[in-house]
*Asks:* 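The structure under discussion is supplied below as structure tokens; questions concerning it will follow.
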2 protein chains.
Amino acid sequence: MSNAEPHADDALEAREKILATAARLFAEQGYENTSISQVARAAKVSKALIFWYFETKEKLYRSALRKTLEPYFIDVDDLDGLDESAQITRLIELFAEFVRENVYSVRFFLSLMLQGERQPDEVIRRVSELYGVFRNLLADIIESGRLRGIFRQDCSPKLDAALIMAALDGVLIQNFLSDEFVHEPNELLDHLKSSLLNRLLAASH
Amino acid sequence: MSNAEPHADDALEAREKILATAARLFAEQGYENTSISQVARAAKVSKALIFWYFETKEKLYRSALRKTLEPYFIDVDDLDGLDESAQITRLIELFAEFVRENVYSVRFFLSLMLQGERQPDEVIRRVSELYGVFRNLLADIIESGRLRGIFRQDCSPKLDAALIMAALDGVLIQNFLSDEFVHEPNELLDHLKSSLLNRLLAASH
DNA sequence: GTCTATATACAGATAGAC
DNA sequence: GTCTATCTGTATATAGAC
């Protein structure tokens, strides 16, 4: 009876399995469209067990969101040794890559934040924070490039960073939407990189 | 009995009142979070009457979406007499204005399209179509400006139009999100206009 | 056309055996 | 810890009176 099966999913404790299943279903279908019964069926446990571990649907939801956020971070170490304009290119690529690797949950959090009006949620704060870090990093790089004379003197680090982020958002969101929006996903992203970078570089002499 | 009251809401036929109420509630709360009972209460009719007119909740929903889309169009006549760069500025302003005037429903449709996977809905198609018209108009203007030597010869009308749209989306979406994202809503929009226009204008001599 | 009353289904949540 | 059985509320939808 006390044999632990090292096989695939069975090796997960029931609690973990519930959590993983719930995270997936909530992200795919939203809170209202996902019932405890459905989670129970998919995780192959009884409804009662879910309530045993998580007490209410709301608490299960929060725990699942927290789990989903775990892989959310930016690894920014590999910017060393690059000049400012290469750093910006790299950051844009990192961002795009991150979104590509987390399509489902990013899409989910985005629609969460759009509905808004909700809880001043820890989750929302966490995502905002990450976004802010990214934008500030970008602004710092632009400022540094401006001081070193690589970028035009009349650029505005904070605004330019915000604009790049906005354009990036726009491009990536288009990939989420109906296919009719997308011309060539990567073509537009490349255009964004070169176009906005050139704008910064354009010498004023 | 056949007296028609010309007063405010009472003048609306029950059917219209149900439709208007439902459109508002669906847009504010989403489909799952809006019950027929709630619509009935808000529209001051009985649940049964709603089923009398619309048969199912699903059909009520579709009718309500169609009604919400009615004011969705762009009035593009006032571009006459402007040169290409002024036309672009004007178009950007029109787009921003449109979004500002339809915050609730735009936000709603956006989160609808994000959840995706749904019906290959007429609604989605309609919105995509409008968006496409806008982008193509922008591309045509850029092309025309390029031919007339106002814009740089090496610009790419379709890509530049797509980039402007993406940036515009990004900026406007930030206004939907948690306040922490917003620096100065209009400041960023202005920066977008001047920055991307300058990029097109930048002479190559 | 509009209502009240009711049928039916399924949601979240609990009790209690094992 | 995990289950079956059950409670309770509320949702969509229908029947039938007026």
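Note: hydrogens, waters and symmetry copies are ignored here, and every other heavy atom, side chains too, is used. Here is how names work: the chains are called A, B, and so on, in the same order as the sequence lines, proteins then strands, and each is numbered from 1.
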*Asks:* Where does the chain A footprint on DNA chain C start and end, counting 5' to 3' with a 4.0 Å heavy-atom cut-off?
*Replies:* dA11(C) to dA15(C)
*Asks:* Distance check needed: dT6(D) P versus Lys47(A) NZ, whole Å only.
*Replies:* 13 Å
*Asks:* Report which part of the nucleic acid Ser46(A) touches: base, sugar-phosphate, or nothing (heavy-atom distance under 4.0 Å, all strands).
*Replies:* base
*Asks:* Considering heavy-atom distances to DNA chain C, does Ser37(A) or Ala48(A) have its closest nucleotide positioned more toward the 5' end?
*Replies:* Ser37(A)
*Asks:* Find the distance Phe51(B):CZ to dA13(D):C1' and express it as a whole number of Å.
*Replies:* 5 Å
*Asks:* Taking side chain as C-beta onward, heavy atoms only, is Gln115(B) less than 4.5 Å from Phe108(A)?
*Replies:* no
*Asks:* Should the pair Glu129(A)-Arg126(A) be classified as a salt bridge under the 4.0 Å nitrogen-to-oxygen rule?
*Replies:* no
*Asks:* For Arg41(A) and for Glu55(A), locate the closest nucleotide of DNA chain C by heavy-atom distance; then report the residue assigned to the nucleotide nearer the 5' terminus.
*Replies:* Arg41(A)
*Asks:* Might you work through the ring pair (Phe, Tyr, Trp, His ring centres under 6.0 Å) test for Phe109(A) and Tyr72(A), ending with a clear yes or no?
*Replies:* CA-CA 12 Å; Phe109(A) 284 124; Tyr72(A) 270 49; 5.7 Å; yes
*Asks:* Using atom CG of Asn33(B) as one end and atom C1' of dA11(D) as the other, report the distance to the nearest whole Å.
*Replies:* 13 Å
*Asks:* Report yes if the side chains of Phe151(B) and Ser85(B) come closer than 4.5 Å at any heavy-atom pair, otherwise no.
*Replies:* yes
*Asks:* Taking only Lys NZ, Arg NE, NH1 and NH2, and the carboxylate oxygens of Asp or Glu, determine whether Arg62(B) and Glu122(B) approach each other closer than 4.0 Å.
*Replies:* no
*Asks:* Can you measure Ile36(B) atom CD1 to dA11(D) atom P for me and round it to whole angstrom units?
*Replies:* 10 Å
*Asks:* Can Lys57(A) be said to sit on top of Tyr31(A)'s aromatic six-ring, NZ or CZ under 6.0 Å from centre and within 45° of the ring axis?
*Replies:* yes
